Engineer: 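Attaching a single structure in structure tokens format; questions to follow.
Only a predicted model underlies this, so the values are computations on that prediction, with no experimental measurement involved. Reminder, nothing fancy here: chain letters follow the sequence lines and each chain counts from 1.
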Amino acid sequence: MAEDMVGGCPVVVIGGSAGSLTVLTGIIGALPVPLAAKIIIVLHRKNTNDVILAALLSRKTTLPVREVEDKDELLPGCIYLAPPDYHLLIETPDSFSLDSSDRVHYSRPSIDVTFISVADMFGASVIGILLSGSNSDGAKGLEYIKHRGGTTLAQDPLTAEFAFMPQQAINLHCVDRVIDGKELGKVVEGMVQG
Amino acid sequence: MDANYINDEQLDVLLNELGSLYGYDFTEYARSSMKRRVNRLLIVDKFTDFDGLLHTIKNDANYFRRFVEEITVNVTEMYRDPATFRAIREKVLPDIATHPFIRIWHAGCSTGEEVYSMAIMLHEANLLHKSLIYATDLSAMAIENIKQGVFPVSQLGKDTENYIASGGKRDFSEYYTVKNDTAIFNQNLKTKIITATHNLVSDSSFNEFQLIFCRNVLIYFNKNLQDRVLSLFDASLEKLGYLVLGTKENIRFTKVAAKFAQPDNTQKIWRKTW
């Protein structure tokens, strides 16, 4: 399958909703430079064409941050953001695809959609991380990452501004490690350094 | 859990069947979103596994039609991405207004919201009388909707907001009458809209246009097919004609890139230069 072709390069996929931005910037800021991993972020956002999120994350790292356009390359050492109003999918081991079909859990981009697509393509190389949020998006996707042999992390609901989203995943018994939001940066740094 | 998620081999089997049984070639659609839509249908239509879906598609032509609708019909709205329509209203229309006769093609326009958006803008620019708008889609159901010009009332709030954001200055309710839960758009808009089913994968160019819309359709194609469809648009555009794509689509790394210029890099509007 696909993961055999891409070797061991870790693929970190992070999903977050309400209250996840501080933790997310903590993770991004802690990433080592240069980086051998691929980083993909799906955040629930307002349905506008803003570029503020990419600019904000760029201030925390010297790694390139890019809001994905259709069929863009997916390279190690880069941070990719799902664009507002599109689902983000993995088309080949090295490229993305976008989809503007129906919302999932009232969300487009949907975290579940990207988690499932990433797990399908990269299997055991995936590290899935679900952050704060008040929506059940992401839990099923994290379960599928686990099912395909990937590693799953969730922000400790006790440290999350909105506990509901990570708690939904924990309830599915698919989370390998539940981690304090403040510690997530350090933990991810350790994992991508191998 | 795997029952709800088809694998690559199963997708290939399905795509081959669709080609040989019904003559629809989906093999160059983007695999990731094709897979996602088939997975979604497995759940929505309550198939217990992939074989159940395959069996039904092979033996039930009605279900096959539903299948095609479900995996190809896309979400759209009036004046989607209002900034794009504002640029068309303010920059593109004044330019093509000089033509004695204006031909516009909405390729893969789904249920036609953008077709009516365009007809209204042409009307407001006093150009509708000398324009023809060709609206095409793979789906016969979508085409029927465009002919009727009937849209759900539930969308009108968003439509009106988008209309205003696109630079519309009139009362948007001038353009439709509400009956029960539908908005029926005015007859005078329809007289300049020509509809037809058209498959971008297999059908060819049928006219020359000054303006082609194809928004959020190319995202469902792989790079090969994108190149072919863009060549079809190139062949269907007059010199200095305009091509409008979706906000996250780009012709940058495609075969036609050298022939097109992007006058404003914040807008996905290209102009054919030669």
Engineer: Is the closest basic N to carboxylate O distance between B:R66 and B:E69 below 4.0 Å?
Structural biologist: no
Engineer: For the interface with chain B, which of A:D72, A:I90, A:V68 has the highest count of heavy-atom pairs at distances below 4.5 Å?
Structural biologist: A:I90
Engineer: Could you work out, with side chain to side chain donor-acceptor pair (under 3.5 Å) as the rule, every residue matching A:T114, not counting sequence neighbours?
Structural biologist: none
Engineer: Could you check whether B:R86 makes a cation-pi contact with B:Y79, meaning its NZ or CZ is under 6.0 Å from the centre of the six-membered ring and within 45° of the ring axis?
Structural biologist: no
Engineer: Does any heavy atom of chain A fall under 4.5 Å from the side chain of B:R31, the backbone, both, or neither of them?
Structural biologist: both
Engineer: Tell me whether A:K71 is salt-bridged to A:D94, with the criterion being a basic N under 4.0 Å from an acidic carboxylate O.
Structural biologist: no
Engineer: Does any heavy atom of chain B fall under 4.5 Å from the side chain of A:D102, the backbone, both, or neither of them?
Structural biologist: both
Engineer: Give, as side chain, backbone, both or neither, the part of B:R215 having an atom under 4.5 angstrom from any heavy atom of chain A.
Structural biologist: neither
